[in-house]
Amino acid sequence: MPIAQDPLSVEVTLPREDVALVTVEGYLDVDTATEFQHHLANQLHHGRRHFLLDLSAVPFMDSSGMNIILRVYQEARELPGSVHIISPTPAVRRILDLTGVSITVPVSESVDEALERVDRPREAPAEPEV
């Protein structure tokens, strides 16, 4: 049985009571996605509404990782809350862009930028011109 080359490391810090900063390091794929999902579910259970996902140390992410991000995005929106991806590596950013996930889930370059987006009220959609 092969040993994982890059085990997943997930660290959760709380910049605020309702905000979880989830720093992920390692490959986010079918072998590690369940661990990532458990951390997010635990934070939802503890009342966090906003999730800042720092992917700056994730060299690779497959559809398993993307599905978990989209799932927590859906759950957070219902609270209402939000999910923000922070500093994805170029390979991960490419996957997010190609699949359209980066259109749905905002991508920020820093924790501060993501926190500003959390604080900004949701912008109302523009009224169509008649």
Side-chain angles (χ1 to χ4, degrees):
M1 181 188 223
I3 296 173
Q5 296 297 317
D6 261 304
L8 191 70
S9 166
V10 180
E11 181 181 325
V12 178
T13 55
L14 305 175
R16 296 192 207 144
E17 183 60 31
D18 64 342
V19 178
L21 170 58
V22 182
T23 304
V24 184
E25 187 175 336
Y27 286 71
L28 189 48
D29 58 20
V30 68
D31 294 326
T32 60
T34 303
E35 180 182 349
F36 180 50
Q37 183 176 8
H38 286 309
H39 284 280
L40 295 173
N42 185 41
Q43 293 307 309
L44 277 166
H45 175 76
H46 283 91
R48 312 295 178 246
R49 299 181 322 123
H50 302 284
F51 295 84
L52 312 181
L53 308 179
D54 183 343
L55 304 182
S56 62
V58 176
F60 174 80
M61 180 175 67
D62 69 7
S63 61
S64 303
M66 284 188 307
N67 286 334
I68 290 168
I69 291 171
L70 289 172
R71 194 173 308 136
V72 76
Y73 173 80
Q74 284 298 106
E75 291 180 36
R77 281 193 58 184
E78 291 171 8
L79 292 174
S82 62
V83 174
H84 303 269
I85 296 171
I86 300 170
S87 299
T89 57
V92 171
R93 178 64 191 242
R94 181 167 163 75
I95 295 294
L96 295 170
D97 289 346
L98 287 172
T99 58
V101 172
S102 60
I103 294 169
T104 304
V105 182
V107 177
S108 300
E109 292 306 312
S110 68
V111 172
D112 289 338
E113 180 183 337
L115 284 170
E116 285 177 21
R117 287 180 163 185
V118 167
D119 291 339
R120 233 181 274 151
R122 289 191 69 151
E123 290 148 17
E127 293 292 320
E129 292 184 27
V130 181

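Note that the coordinates shown come from a computational prediction; the quantities given were computed from them, not determined experimentally. The analysis underlying the following values was restricted to heavy atoms, covering all of them including side chains, and did not include hydrogens, waters or symmetry mates.
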So do I85 and S102 actually touch side chain to side chain, heavy atoms under 4.5 Å? no
Quick one: does any side-chain atom of R48 pair with a main-chain N or O of L40 as donor and acceptor, under 3.5 Å? no
Main-chain N/O of N42 paired with H46 side-chain donor or acceptor, under 3.5 Å: yes
H38: partners by side chain to side chain contact (heavy atoms under 4.5 Å, CB included), with sequence neighbours left out: T34
Inter- and intrachain pairs under salt bridge (charged side-chain N to carboxylate O under 4.0 Å, His left out), touching residues 29-39, at least two apart: none
Minimum heavy-atom separation for L8 and Y27, please, with both atom names. CD1-O, 3.5 Å
Shortest non-hydrogen contact from A76 to V83? CB-CG2, 4.0 Å
CD of Q74 to OG1 of T104: how many Å apart, nearest 0.5 Å? 8.5 Å
Sorted by chain and number, sequence neighbours left out, side chain to side chain contact (heavy atoms under 4.5 Å, CB included) with R16 holds for D18, V19, L115, V118, D119
I need the L70 CG to T99 OG1 distance, nearest 0.5 Å. 7.5 Å
Least distance between heavy atoms, A20 atom then V12 atom: CB-CG1, 4.3 Å
Between the CD atom in E78 and the OH atom in Y73, the distance rounded to the nearest 0.5 Å is 11.0 Å
Listed partners of E75 passing side chain to side chain contact (heavy atoms under 4.5 Å, CB included), at least two apart: L44, R71
If every non-hydrogen atom of R49 is compared with every non-hydrogen atom of L79, which pair is closest and at what distance? CA-CD1, 3.8 Å
Evaluate the side-chain contact (heavy atoms from CB on, under 4.5 Å) criterion for residues V105 and L96: first the C-alpha distance (whole Å), next the side-chain angles of each, then the deciding distance (0.1 Å), finally the verdict. CA-CA 9 Å; V105 182; L96 295 170; over 6 Å; no
I'd like a table of donor-acceptor pairs (distance under 3.5 Å, sequence neighbours excluded) in which one partner is a side-chain atom from residues 50-65, with atom names and distances.
unit_1: H50; atom_1: ND1; unit_2: S82; atom_2: N; d: 3.3
unit_1: H50; atom_1: ND1; unit_2: S82; atom_2: OG; d: 2.7
unit_1: D54; atom_1: OD1; unit_2: S56; atom_2: N; d: 2.9
unit_1: D54; atom_1: OD1; unit_2: S56; atom_2: OG; d: 2.7
unit_1: D62; atom_1: OD1; unit_2: S64; atom_2: N; d: 2.8
unit_1: D62; atom_1: OD1; unit_2: S64; atom_2: OG; d: 3.4
unit_1: D62; atom_1: OD2; unit_2: V30; atom_2: N; d: 3.1

Can you list everything that forms a side chain to side chain contact (heavy atoms under 4.5 Å, CB included) with E109? Sequence neighbours excluded, please. S87, R93, E113
